[in-house]
Amino acid sequence: MLFDPRPKSRREEIFDREKELNSLLKGMEEYPITVLIGIRRVGKSSLLRVTLNEFDGLGLYLDARRLYAAGGGTISPAVLVDEIRKILLGKGRFGFLSGIKLESVNLAGVKITPKEMTIIDVFELLNGLGERFGRVVLAFDEAQYLRFYGPRGGKDLLAGIAYAYDSLPNLGFVFTGSEVGLLHDFIGIDDYSSPLFGRVYEEVEVKPFPRGLSEAFLRVGFEEVGLKVPDEEIKRAVDGLNGIPGWLVEFGFNYWKSGSFEMAMERTVERARAMIREELLELEKRSPRYSLILRAIAIGLHRWKNIKDYVEAKGGPITNARLSALLKNLEKMSWVRKESGEYRIIDPLVEKILKG
Ligand code: ADP
Ligand code: MG
């Protein structure tokens, strides 16, 4: 059902995205590394899960944000190794892993201590499984959080991935992320100090639906639940929510439950407000000025100088360098985009809510 508000995992549950699905599938089959980008709520996790289900080899889904939260702000190598083991055991076919002698997975002649398996050992094990069961893909959702892996900003994991890239042909990786700039920074393909510097990878972008598809999405969704909704209301909904599937689903679901356009819109905005409030709290932990900057932009201050005046009026002096750095971060976290010298909030519903 399209209006089911949970992330989808079967092909028939998602609307459109045929092209993206095929590109992602091709990435899983042929590339050592595939990067799936797109803003929040556009449908990355759903597309990733659906594609992993369609994938012929063995696909493992890991949510880096969840691991980060569960670890209280870090991802320890042992936890990641254990998570991968659990997923494999959950797949049923790999019961032999529970009693495995760790020495026996030593494929590259590297000496490993029996009690602790390193991430490299796991990658070698997976590559071995890939030989027997078809290709193995490790898919990290919200992978920008992997920068909290280990003590060196995720560098140890990247080194392992670089090793896999060069030496383990049956193991592939997918990274997705809503904070596109942070994800690119983490992977560091363009950064000579990154272990992955210079590697080739496939990139797939999930974009908001264009107008026509957004309307079609709502029409098909309403048809599924047997609701007749006037065209004029569908158009008005898309005016307010744009083509972001997460908001369209929320609206459709609420309309279905309440039977009223106004009620559905109200609940959708309410729910969006709650979600955004939580995300802002997360941002404010990094710097309290982020909210001020976002609010400045939302109320129509698009130029650097006007943003600075607003932030200083509300929050005291800030240096030019600091403001520039915070704006750059907001771009990297996909809250804000810069166009011909002007800053804009990317998601129009977020903009509306920030305006208050
Ligand atoms: P992201 O991972 O990009 O933040 P999700 O995959 O979590 O986005 O999707 C957000 C919401 O939108 C979920 O409720 C999901 O069910 C819905 N959704 C996203 N894309 C589609 C689609 N193509 N068809 C139907 N529902 C979708
Ligand atoms: Mg997601």
Side-chain angles (χ1 to χ4, degrees), residues 1-8 10-27 34-51 54 176-181 183 202-225 227-256 261 264-265 268-269 271-272 275-276 297-298 302 331 333-340 342-354:
M1 195 187 67
L2 288 189
F3 290 163
D4 187 333
R6 291 166 297 186
K8 274 70 172 184
R10 283 179 302 122
R11 192 171 190 145
E12 60 273 19
E13 291 174 321
I14 63 167
F15 180 79
D16 192 68
R17 303 300 192 203
E18 206 69 20
K19 214 172 82 239
E20 292 87 346
L21 193 149
N22 287 330
S23 307
L24 186 55
L25 201 52
K26 186 165 178 280
T34 306
V35 179
L36 175 66
I37 57 170
I39 60 172
R40 293 171 188 78
R41 293 171 275 270
V42 81
K44 297 176 301 298
S45 298
S46 301
L47 181 69
L48 177 59
R49 285 165 177 278
V50 169
T51 311
E54 299 282 307
T176 86
S178 302
E179 300 177 311
V180 179
L183 180 58
E202 171 78 328
E203 184 158 289
V204 180
E205 183 174 2
V206 191
K207 293 193 175 142
F209 291 132
R211 169 117 222 159
L213 269 187
S214 303
E215 291 177 10
F217 179 94
L218 289 178
R219 267 186 223 110
V220 172
F222 284 128
E223 217 165 78
E224 266 182 4
V225 297
L227 213 63
K228 281 219 174 335
V229 173
D231 238 28
E232 176 264 333
E233 290 188 344
I234 287 185
K235 286 193 189 330
R236 263 208 292 156
V238 175
D239 284 341
L241 307 173
N242 285 65
I244 297 172
W247 300 143
L248 295 173
V249 164
E250 200 65 42
F251 167 78
F253 180 82
N254 286 318
Y255 198 124
W256 175 38
F261 175 87
M265 266 310 199
T268 304
V269 172
R271 176 108 170 93
M275 288 168 93
I276 290 159
I297 299 171
H302 299 304
E331 278 184 71
M333 293 185 281
S334 305
W335 284 88
V336 162
R337 68 162 180 271
K338 192 176 174 187
E339 256 171 30
S340 36
E342 300 203 334
Y343 294 92
R344 306 269 165 181
I345 307 287
I346 289 180
D347 180 337
L349 188 58
V350 172
E351 182 176 34
K352 184 175 164 210
I353 286 167
L354 284 167

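Residues passing the ring pair (Phe, Tyr, Trp, His ring centres under 6.0 Å) test with Phe209 are Phe15, Phe217, sequence neighbours excluded. Take Glu205 and apply the salt bridge (Lys or Arg N to Asp or Glu O under 4.0 Å) test, not counting sequence neighbours, and it matches no residue. Every side chain to side chain donor-acceptor pair (under 3.5 Å) that Arg40 has, sequence neighbours left out, goes to Glu179.
Looking at every heavy atom in both residues, Pro5 comes nearest to Phe253 through CD-CD1, 3.9 Å. Taking all atoms of both residues into account, the shortest heavy-atom contact from Pro7 to Ser46 is CA-OG, 3.6 Å. Closest heavy-atom contact between Ala298 and Leu354: CB-CB, 3.6 Å. When all heavy atoms are compared, the tightest approach of Ser214 to Gly243 is OG-CA, 3.2 Å. When every heavy atom of Leu183 is checked against every heavy atom of Gly177, the shortest pair comes out as CD2-N, 3.6 Å. Of all the heavy atoms in Thr34 and Leu24, the pair that sits closest is CG2-CD1, 3.9 Å.
With salt bridges taken as basic N to acidic carboxylate O contacts below 4.0 Å, none links Glu223 and Arg219. Checked for salt-bridge contact, Lys26 and Glu202 miss the test: no charged N lies under 4.0 Å from a carboxylate O.
Two residues are said to be in side-chain contact when any heavy atoms from C-beta on lie closer than 4.5 Å; His302 and Ile297 meet this criterion. Using a 4.5 Å heavy-atom threshold, the side chains of Glu250 and Leu241 count as separate. Between Lys228 and Phe222, the closest side-chain pair of non-hydrogen atoms is not below 4.5 Å. Side-chain atoms of Val50 and Glu13, non-hydrogen and from C-beta on, never get closer than 4.5 Å to each other. Looking at Arg41 and Trp247, their side chains come closer than 4.5 Å, going by heavy atoms from C-beta outward. Annotation: side chain of Arg211 is in contact with side chain of Lys235 (closest heavy-atom distance under 4.5 Å). Between Met1 and Trp256 there is a side-chain heavy-atom pair separated by less than 4.5 Å. Between Val204 and Ser23, the closest side-chain pair of non-hydrogen atoms falls below 4.5 Å.
With hydrogens and angles ignored, the 3.5 Å screen pairs a side-chain donor or acceptor of Lys44 with a backbone N or O of Ile39. A distance-only check finds a donor-acceptor pair linking the side chain of Lys8 to the backbone of Leu2 [under 3.5 Å]. Checked by atom type and distance alone, the side chain of Asp347 pairs as donor or acceptor with a backbone atom of Leu349 at under 3.5 Å. A distance-only check finds a donor-acceptor pair linking the side chain of Ser334 to the backbone of Ser178 [under 3.5 Å].
The residue from Glu12, Arg10, Arg17 that alone fulfils the side-chain contact (heavy atoms from CB on, under 4.5 Å) condition with Ile14 is Arg17.
Remark: Arg11 CZ to Leu47 CG distance equals 10.0 Å, nearest 0.5 Å. The line from CD1 of Ile276 to NZ of Lys352 is 10.5 Å long, rounded to the nearest 0.5 Å. Leu213 contributes atom CG, which lies 11.0 Å from atom CG of Leu218 (distance to the nearest 0.5 angstrom). To the nearest 0.5 Å, atoms CD1 (Ile353) and CD (Glu351) are separated by 11.0 Å.
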